[in-house]
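A short worksheet on the structure shown next.
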Amino acid sequence: MNTCNDLHLQNDAKIVSKTIPGEKSIELIKIQNDSEGSIVSYPKSMPIAVKRAKGATIEDVDGNIFIDFFSGAGVLNVGHSNSYVLEYIKEQQEQLIHMLDFPTENKLQLIQKILCQFPEEMRNRYKVSFCGPTGSDAVEAAIKLAKHKTGREGVIAFHGSYHGMTSGSLSVTSNVQLRNRISSLVPNISFVPYSYCYRCPFNKDQETCEMDCADYLNYILNNPHSGQAKPAAILLEPIQGEGGTIIPKRGFLKKVVEIANKHDIIIIFDEIQCGFFRTGDFWGFEDNEVFPHIITMSKGLGGIGFPISAIIYDKNIESWGAGDHIGTFRGNQVSIAAGRGAFDFIEEHNISDHCKKMGIYLLRRLESLKESFPIIGDIRGKGLMLGIEYVQDTVSKTPDSEIVKRIRIESFKRGLLFEIGGHYNNVIRFLPPLTINKDIIDNALSIFEKAHCVSVENSTQQVTY
Ligand code: PMP
């Protein structure tokens with residue numbers, strides 16, 4: 001598609017500084033370290049100070065150009081500073097910016113655009129509420145609504161889950177290292193196995209398994225001696241993001257929803273990362289023939305990085321009333337306009353199909369890389385949400401987070417940015433803007449391949465970061 005050739009600074013990376021990071025970046029990072037709080041994290045592994053960004057490319061302050069396969073943590077689905085979306089923002093800024101939760105045409109149009117993503121016969125079943133600006137706010141709201149409706153405590157979440165950093169959302173996030181630093185989180189949270197076929201906790205074969213993971217959930221809910229009280233909600237990502245881009249076996253989501261319905265438990269799908277066309281479809285759960293009670297959204301919904309989050313929920317569970325979940329910043333008008341702009345851009349330029357095609361192309365290229373590098377244990381992806389899992393060898397599948405760090409550094413030095421995730425920090429995660437083109441993919445993958453060669457060659461040297 002032609003549009004996707006004009007959206008970027010250029011189609012390739014370009015490293016012009018003598019060192020990487022360059023002198024100016026080093027200087028600004030030093031000032032940042034001295035003056036900004038120590039929780040700053042991304043520049044620790046991608047040490048650049050940024051000047052500007054367009055589409056799938058970022059220019060740092062030293063004039064280096066990087067290919068961005070990270071998209072601000074899966075936010076920039078239509079690319080950095082997409083000019084089509086910028087027009088919506090400019091127009092909205094002139095008219096209205098902040099208006100609490102009063103009705104505006106801008107907002108009501110976005111709500112309709114979201115509801116129209118359901119099959120026609122279901123559109124009347126759902127409503128939209130805007131939450132605080134972050135994904136974590138949407139997760140908090142979803143859990144609160146489930147508790148409000150059921151009058152019960154407790155949430156069942158999944159191994160490998162990531163739902164945010166506020167107290168409630170961290171409570172349902174499985175990363176032990178992050179959780180253990182806080183002495184008390186929200187109580188009555190338990191975690192059960194996700195459908196992670198490459199590392200099946202039940203040691204089953206993906207082809208023949210009958211989804212013991214889902215059966216286990218059913219078992220603990222049925223067994224009066226499981227220690228599991230009936231929770232308010234079961235919460236899961238239809239495709240796990242930070243957990244390592246884990247795509248559950250087909251049928252898993254359906255089974256989990258059936259179990260939740262059987263036990264009269266609210267089911268929440270966290271679509272914050274896998275939603276808003278990331279997979280090519282609007283919802284990450286789209287082809288699973290199920291619908292949850294509550295859906296959380298954020299990231300891509302803000303168009304080109306404007307903060308916004310929402311829950312979309314079944315009218316039948318609407319137990320709360322006016323003021324039961326208030327907040328000053330719920331549905332900022334500019335973020336909403338940006339969301340509308342992204343919707344229209346995606347529709348007008350058929351980005352859904354483009355995303356699926358680019359995703360298949362990228363997967364195929366990665367599959368051929370796997371043939372040359374036995375450190376690649378698994379490659380998985382849907383649309384442009386892809387994960388590459390690294391192991392010491394494909395038989396033992398021992399996770400190799402060291403090689404991942406090395407490949408990331410070598411890719412960074414050559415101009416390719418991406419994030420790492422996974423249960424063992426051994427998964428490289430590609431979340432490029434959906435507007436990438438074949439040239440950008442080819443250029444990114446030639447950097448990526450070179451980074452593999454160099455990293456494997458130097459694999460005995462210590463990585464320090
Ligand atoms: N849920 C999911 C699935 C996410 O990926 C994230 C962010 N990575 C969140 C919730 C939290 O969103 P935020 O960082 O905006 O609070």
Side-chain angles (χ1 to χ4, degrees), residues 1 3-4 6-8 52-56 58 68 71-118 123 126-138 141 271-278 281-283 295-313 325-352 354-355 431 433-435:
M1 194 195 21
T3 327
C4 291
D6 314 327
L7 293 169
H8 318 281
R52 62 177 180 144
K54 193 99 191 121
I58 295 177
D68 182 7
S71 306
V75 165
L76 303 153
N77 290 4
V78 294
H80 290 273
S81 295
N82 180 305
S83 44
Y84 183 102
V85 179
L86 279 173
E87 291 305 315
Y88 284 65
I89 291 160
K90 283 181 206 153
E91 199 184 316
Q92 185 60 41
Q93 275 175 339
E94 294 293 325
Q95 297 221 2
L96 181 71
I97 293 175
H98 175 76
M99 206 55 233
L100 295 162
D101 55 6
F102 286 91
T104 62
E105 284 181 8
N106 181 35
K107 180 162 74 175
L108 298 178
Q109 277 174 19
L110 183 67
I111 290 177
Q112 283 315 312
K113 282 182 191 296
I114 295 172
L115 294 178
C116 280
Q117 303 304 315
F118 289 103
R123 283 176 201 162
Y126 286 94
K127 271 184 159 182
V128 177
S129 273
F130 292 97
C131 313
T134 70
S136 301
D137 291 309
E271 285 268 324
I272 288 166
Q273 189 167 139
C274 65
F276 208 83
F277 304 103
R278 174 52 51 197
D281 294 324
F282 181 72
W283 307 113
I295 302 164
T296 57
M297 292 195 76
S298 186
K299 293 194 190 270
L301 185 62
I304 48 175
F306 282 84
I308 189 168
S309 86
I311 54 171
I312 297 100
Y313 58 91
H325 191 64
I326 50 172
T328 310
F329 293 110
R330 287 189 296 151
N332 173 276
Q333 296 294 325
V334 181
S335 306
I336 287 173
R340 283 198 298 111
F343 259 115
D344 291 349
F345 175 81
I346 286 169
E347 197 184 335
E348 209 170 289
H349 297 95
N350 202 3
I351 297 296
S352 286
H354 178 75
C355 164
L431 290 166
L434 313 181
T435 52

Value rounded to 0.5 Å, distance of [atom1] in [X] from [atom2] in [Y]:
X	Y	atom1	atom2	result
Ile312	Phe130	CD1	CZ	8.0 Å
Phe306	Ile89	CZ	CD1	4.0 Å
Asp6	Thr435	CG	OG1	11.0 Å
Leu100	Asn332	CG	CG	11.0 Å
Glu105	Ile336	CD	CD1	13.0 Å
Ile114	Leu301	CD1	CG	5.0 Å

Where [X] and [Y] come nearest, the two heavy atoms and their spacing:
X	Y	answer
Phe277	Ser352	CD2-OG, 3.5 Å
Ile272	Lys299	O-CB, 3.4 Å
Gly302	Ala338	O-CB, 3.4 Å
Tyr88	Tyr84	CD1-O, 3.4 Å
Gln333	Leu96	CB-O, 3.5 Å
Cys131	Ala141	SG-CB, 3.7 Å

Mark yes or no for whether [X], through its side chain, and [Y], through its backbone, hold a donor-acceptor pair below 3.5 Å.
X	Y	result
Gln112	Leu108	no
Arg123	Phe118	yes
Asn77	Phe276	yes
His80	Gly305	no
Ser335	Pro307	yes

For the residue pair [X] and [Y], establish whether any side-chain heavy-atom pair is separated by less than 4.5 Å.
X	Y	result
Phe345	Ile304	no
Ser298	Thr134	no
Asp344	Lys113	yes
Lys54	Ser83	yes

So does Asp101 pair up with Lys107, basic N to acidic O under 4.0 Å?
no
Apply the test side-chain contact (heavy atoms from CB on, under 4.5 Å) to residues Gln117 and Asp281: give CA-CA distance (whole Å), side-chain angles for both, the deciding distance (0.1 Å), then the verdict.
CA-CA 9 Å; Gln117 303 304 315; Asp281 294 324; over 6 Å; no
Run the side-chain contact (heavy atoms from CB on, under 4.5 Å) test on Met297 and Val128 for me, step by step, so that the C-alpha distance in whole Å, both residues' side-chain angles and the decisive distance to 0.1 Å come before the verdict.
CA-CA 10 Å; Met297 292 195 76; Val128 177; over 6 Å; no
As a test of understanding, state which of Gln92, Glu94, Glu87 forms a side-chain contact (heavy atoms from CB on, under 4.5 Å) with Lys90.
Glu87
Just wondering, are more than 12 heavy atoms of other shown residues or ligands nearer than 6.0 Å to CD in Glu347?
no
side-chain contact (heavy atoms from CB on, under 4.5 Å), that's the test. Do Thr296 and Ser309 meet it? Break it down for me.
CA-CA 8 Å; Thr296 57; Ser309 86; over 6 Å; no
The test is side-chain contact (heavy atoms from CB on, under 4.5 Å); show your working for Phe282 and Ile346 and say whether it passes.
CA-CA 10 Å; Phe282 181 72; Ile346 286 169; over 6 Å; no
